[in-house]
Amino acid sequence: MTVEYREWREGDDLALLEIWGGPETLPAQQFRAALAPSSNTPWRRCIVAEDVVDGVAIPVAAAVVHEASLHPERLWAYIEVAKDHRRNGIGATLLTMLRREAELAPSGVTKLRSKVEPGTSGAAFAEWAGLVPIQRSQLVVVHPEALKLPVFGDGSEEAASEQFEDLATGSVELSDVVGRYYTAVHHWDNPGELGIPTVQRMFLDELSGAHGAVVLRAPKASAFGAGVPAARKGRIRAFAISYATGNADDTSEVFLGHEPALDAGDAARAVAELLALIAYQHPVLLEVDDAMVALREVLDPLLAQGKAHVEGADTQVVSD
């Protein structure tokens with residue numbers, strides 16, 4: 001077998017799709033979108049391996065390494081090799097080439113990270129390459145009426161409307177809480193500075209798929225700590241952003257989080273109360289990392305009781 005390596009060219013995606021078939025895992029599906037011509041803005045290097053048979057070169061593998069707008073302290077990397085060409089050193093060669101390219105990244109960052117599903121060939125290759133798990137995430141579907149509805153204040157509609165509120169996705173108040181929450185629960189892979197425009201672009205504008213948001217507020221008279229004045233409306237305790245799924249009857253995909261200044265017990269209560277409201281009539285899909293402690297505390301008992309289930313396989317972020 002003669003294997004040659006070159007930069008990615010237009011049309012390679014279609015040629016490789018014929019050889020690879022459908023993605024074997026969710027991370028593979030996600031990373032395939034990153035396979036594209038090399039560029040400097042944003043910085044990306046993409047390499048293709050070809051099997052040369054009787055003078056005809058057939059693409060059989062590809063690899064990409066690129067900078068990330070979030071989590072800039074590591075580079076994302078991905079390698080995929082056609083099943084019938086594995087265990088021939090192609091993946092190892094591509095990894096060596098990616099590491100050499102990474103040494104030239106303008107940011108000076110050389111650490112690699114990727115995503116794999118445990119028990120797959122990708123996970124085995126990552127382990128061989130010295131990449132170790134640094135985080136686990138799951139897709140969890142919460143069934144309708146999994147949690148008891150909360151009672152606000154005196155139980156009146158007025159009391160409920162003061163604390164449970166639809167909020168525009170363009171809200172600066174919402175953007176601030178979302179950004180601080182994301183930073184707090186991703187301390188294990190520093191996301192860098194998240195300004196309001198970045199939060200809007202990544203999580204809240206139309207291009208992100210966001211199409212609605214609700215928040216759970218603290219009672220008007222409360223504050224989260226000494227010296228923090230009560231807002232005209234109570235401060236946001238928890239938020240839920242829903243994303244378009246294309247069908248109103250589909251399970252709603254939701255980003256659920258809380259004000260990071262809350263103590264552990266209050267954070268879990270706020271998450272549970274808001275989840276009870278948004279999942280009362282329809283199932284809700286959540287992506288949860290182990291670092292999302294409050295959400296994990298609410299979901300684990302629901303999973304044990306059969307009131308929620310894990311969708312698909314776990315995903316691990318692996319890194320140098």
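Worth knowing before you read on, the calculation uses all heavy atoms, side chains too, and leaves out hydrogens, waters and symmetry mates.
- Side-chain contact of S175 with Q200: a donor-acceptor pair under 3.5 Å is present, judged by distance alone.
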Would T25 and Q29 count as a side-chain contact (heavy atoms from CB on, under 4.5 Å) if you check the C-alpha gap in whole Å, the side-chain angles of each, and the deciding distance to 0.1 Å?
-> CA-CA 6 Å; T25 64; Q29 178 182 334; over 6 Å; no
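- Of the charged side-chain nitrogens involved, none lies within less than 4.0 Å of a carboxylate oxygen, so that E165 and R237 do not count as a salt-bridged pair.
- To the nearest 0.5 Å, the span separating SG on C46 from CG on L94 amounts to 9.5 Å.
- By the neighbour-count criterion of 12 heavy atoms within 6.0 Å, atom CD of Q305 is densely surrounded, having more than that number from other residues, nucleotides or ligands.
- Relative ring orientation between H309 and H143 is described as tilted, the plane-to-plane angle lying within the 30° to 60° band.
- Ion pairing between a basic and an acidic side chain is recognised when a charged N comes within 4.0 Å of a carboxylate O; K111 and D320 show no such pairing.
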Could you walk me through whether E50 and R6 pass salt bridge (Lys or Arg N to Asp or Glu O under 4.0 Å), step by step?
-> CA-CA 8 Å; E50 296 180 319; R6 60 167 173 79; 2.8 Å; yes
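- With a 4.5 Å cut-off on side-chain heavy atoms, D300 and L303 count as touching.
- Atom-to-atom distance recorded for L98:CG and S114:OG is 10.0 Å, nearest 0.5 angstrom.
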Show your working on ring-ring contact (aromatic ring centres under 6.0 Å, His included) between H258 and Y181 and close with a plain yes or no.
-> CA-CA 7 Å; H258 60 82; Y181 173 76; 5.0 Å; yes
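- The environment of E67 atom CD is dense: over 12 non-hydrogen atoms of other residues, nucleotides or ligands sit within 6.0 angstrom.
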Take R74 and S319 through the test side-chain hydrogen bond (donor to acceptor under 3.5 Å, both in side chains) and record every step on the way to the result.
-> CA-CA 8 Å; R74 293 180 174 92; S319 178; 2.6 Å; yes
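- For K233 and E162, the salt-bridge test fails: no basic side-chain N is under 4.0 Å from an acidic carboxylate O.
- Side-chain contact between L216 and I236 is absent, with no heavy-atom pair separated by less than 4.5 Å.
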Would you check, one step at a time, whether the test side-chain contact (heavy atoms from CB on, under 4.5 Å) holds for V60 with M1?
-> CA-CA 12 Å; V60 294; M1 182 174 63; over 6 Å; no
Check the pair N40 / R45 against side-chain hydrogen bond (donor to acceptor under 3.5 Å, both in side chains), numbers first and verdict last.
-> CA-CA 8 Å; N40 291 323; R45 294 294 180 264; 2.7 Å; yes
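- Other residues, nucleotides and ligands contribute more than 12 heavy atoms inside 6.0 Å of the CD atom of Q30.
- Distance alone, capped at 3.5 Å, places no donor-acceptor pair between the T198 side chain and the L194 backbone.
- Taking the six-membered ring for Trp, F152 and F164 have ring centres at least 6.0 Å apart.
- Annotation: side chain of I47 is not in contact with side chain of W8 (no heavy-atom distance under 4.5 Å).
- R235 and E259 are joined by a salt bridge, as a carboxylate oxygen and a charged side-chain nitrogen come within less than 4.0 angstrom of each other.
- Around OH of Y280, the count of heavy atoms belonging to other residues, nucleotides or ligands within 6.0 Å does not exceed 12.
- The number of heavy-atom neighbours closer than 6.0 Å to CZ of R100, taken from other residues, nucleotides and ligands shown, is 12 or below.
- Nearest heavy atoms, W43 versus P106: CD1-CD, 3.3 Å.
- Salt bridge R32/E80: present, at least one basic N to carboxylate O contact under 4.0 Å.
- Evaluation of the side-chain contact (heavy atoms from CB on, under 4.5 Å) rule for I278 yields V214, A240, V254, L274, L275, V284 as partners, not counting sequence neighbours.
- Between Y182 and F255, the ring planes are perpendicular. Angles over 60° get that label, and only those under 30° would be called parallel.
- At a threshold of 4.5 Å between non-hydrogen side-chain atoms, the residues V65 and R44 do not count as touching.
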Chi angles and distances behind the side-chain contact (heavy atoms from CB on, under 4.5 Å) call for L35, D13 = CA-CA 8 Å; L35 297 170; D13 52 345; over 6 Å; no
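- Cluster membership check: F239 does not share its hydrophobic cluster with L285, using side-chain heavy-atom separations under 4.5 Å among Ile, Leu, Val, Met, Phe, Trp and Tyr.
- With no hydrogens or angles considered, a side-chain donor-acceptor pair links Q138 and D314 at under 3.5 Å.
- To the nearest 0.5 Å, the span separating OG on S171 from CD1 on I196 amounts to 9.0 Å.
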Take R217 and E173 through the test salt bridge (Lys or Arg N to Asp or Glu O under 4.0 Å) and record every step on the way to the result.
-> CA-CA 12 Å; R217 294 187 178 276; E173 181 189 19; 2.9 Å; yes
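- Looking at every heavy atom in both residues, Y78 comes nearest to A28 through OH-CB, 3.4 Å.
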Going through the distances and angles, do D189 and R113 end up as a salt bridge (Lys or Arg N to Asp or Glu O under 4.0 Å)?
-> CA-CA 10 Å; D189 193 19; R113 74 156 94 71; 3.0 Å; yes
Show your reasoning for whether side-chain contact (heavy atoms from CB on, under 4.5 Å) applies to T169 and D205.
-> CA-CA 7 Å; T169 55; D205 70 16; over 6 Å; no
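- There is a side-chain donor-acceptor pair under 3.5 Å between D51 and H85.
- Expressed to the nearest 0.5 Å, how far OG1 of T183 lies from CZ of R180 amounts to 9.5 Å.
- With respect to R296 and D290, a salt bridge is recorded, a charged nitrogen being found less than 4.0 Å from a carboxylate O.
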